[in-house]
K.L.:
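Can you read through this structure? Questions will come right after.
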Amino acid sequence: MTLKLYHFPNTRSLRVLWALEELGLEADIETRQMDRAKMKAPEYLALNPLGKTPVMFDGDERIVESTAIIEYLANKYADGRLARRPDDSDYGRYLQWLHFGEAGMGGYINMLIAQTAILPEEHRIPAMKVWAEKETKNCLDFIEANLGDDGYLLDEFSLADISVIYPLFLVKITKNGALMGDKTNAYFKRATAREAWKKACARVD
Ligand SMILES: N[C@@H](CCC(=O)N[C@@H](CS)C(=O)NCC(=O)O)C(=O)O
């Protein structure tokens, strides 16, 4: 196994780093600072033609899409730990949350971040901000309604949490945390108290 991850702090490569830590897998981690211009330059495009993060290599095999990468790691190198199999009773919910964190929620979160943090004020569109907040809140309410007073999305911590916690992290760091319900806030605190999350976040250079 020769895993190489290009990690950009605070971006979706955090999901991959977190999964590597949780699963106890070794990888060569090259940390770079987020710089959109450099990510669209030939040197980085040769690594990831999308000019996005994350990208991971397993030998000659290149994989993009953070939630696909974490499932690949668990199933290929960790005997399916933190994943679920078709005959598990929570397999459907596992897949739902694993995909919801990115496919269901990622686009709205990106829009919210663009309209509240990334775009210069003069490029923001008030109607888009309202729409992004409304759709993000809809996603957050769905999470809130499915959480108990303790524990995780499934009976035990899983890749589904690694997927869903990342957009919650974005909601928090862009100061949109008021959109999150009490159970979701407690869930976020619980998950980010894990040693593996802390180690992944500490990797900044
Ligand atoms: N669905 C992709 C999204 C990748 C993505 O959009 N990454 C962001 C950072 S979190 C990025 O690279 N942005 C740079 C850009 O769009 O220029 C995944 O989950 O890997």
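As the structure is a prediction and not an experimental result, all values here were calculated from the model. Both ligands and their constituent atoms are indexed starting at 1 by order of listing. Below, all heavy atoms of this structure are taken into account, side chains as well, without hydrogens, waters or symmetry copies.
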K.L.:
Mark the output for T53 as yes if a heavy-atom distance to ligand 1 is under 4.0 Å, and as no if none is.
P.N.:
yes
K.L.:
Purely on distance, is any nitrogen or oxygen of K40 under 3.5 Å from one on ligand 1?
P.N.:
yes
K.L.:
For atom 19 (O) of ligand 1, what's the nearest protein heavy atom and its distance?
P.N.:
S66 OG, 2.7 Å
K.L.:
Which atom pair, heavy atoms only, marks the closest approach of P126 to R124?
P.N.:
CD-O, 3.7 Å
K.L.:
Students should be able to answer this: which protein heavy-atom is nearest to atom 2 (C) of ligand 1, and at what distance?
P.N.:
E65 OE1, 3.2 Å
K.L.:
I'd like to check whether E102 has a polar contact with ligand 1, where a contact means an N/O of the residue lying under 3.5 Å from an N/O of the ligand.
P.N.:
yes
K.L.:
Are K183 and N146 linked by a side-chain donor-acceptor pair shorter than 3.5 Å?
P.N.:
no
K.L.:
Could you tell me which atoms of ligand 1, counted from 1 in the order shown, lie closer than 4.0 angstrom to a heavy atom of M34?
P.N.:
13 (N), 14 (C)
K.L.:
By number and element, which atoms of ligand 1 are closer than 4.0 Å to a non-hydrogen atom of M39?
P.N.:
12 (O)
K.L.:
Counting only heavy atoms closer than 4.0 Å, does ligand 1 sit against the backbone of R36, its side chain, both, or neither?
P.N.:
side chain
K.L.:
Near P54, which atoms of ligand 1 are under 4.0 Å from a heavy atom of that residue?
P.N.:
20 (O)
K.L.:
Does one side chain, of D58 or Y77, offer a donor that lies under 3.5 Å from an acceptor on the other?
P.N.:
yes
K.L.:
Looking only at distances, can you tell me whether any N or O atom of K52, backbone or side chain, sits closer than 3.5 Å to an N or O atom of ligand 1?
P.N.:
yes
K.L.:
Go through the side-chain N and O atoms of S163 and T67 and say whether any donor and acceptor fall under 3.5 Å apart.
P.N.:
no
K.L.:
May I ask you to decide if G59's main-chain N or O and T2's side chain share a donor-acceptor pair within less than 3.5 Å?
P.N.:
yes
K.L.:
Tell me whether R194 is salt-bridged to E22, with the criterion being a basic N under 4.0 Å from an acidic carboxylate O.
P.N.:
yes
K.L.:
Could you pull out all donor-acceptor pairs under 3.5 Å where a side-chain atom in residues 102-114 meets a protein atom, sequence neighbours excluded?
P.N.:
residue: E102; atom: OE1; partner: R12; partner atom: NE; Å: 2.9
residue: E102; atom: OE1; partner: R15; partner atom: NH1; Å: 2.8
residue: E102; atom: OE1; partner: R15; partner atom: NH2; Å: 3.2
residue: E102; atom: OE2; partner: R12; partner atom: NE; Å: 2.9
residue: E102; atom: OE2; partner: R12; partner atom: NH2; Å: 3.4
residue: N110; atom: OD1; partner: R12; partner atom: NH2; Å: 3.1

K.L.:
Tell me the closest heavy-atom pair linking A74 and L159, and the distance in Å.
P.N.:
CB-CD1, 3.8 Å
K.L.:
At under 4.0 Å between heavy atoms, which part of R12 makes contact with ligand 1: side chain, backbone, both or neither?
P.N.:
both
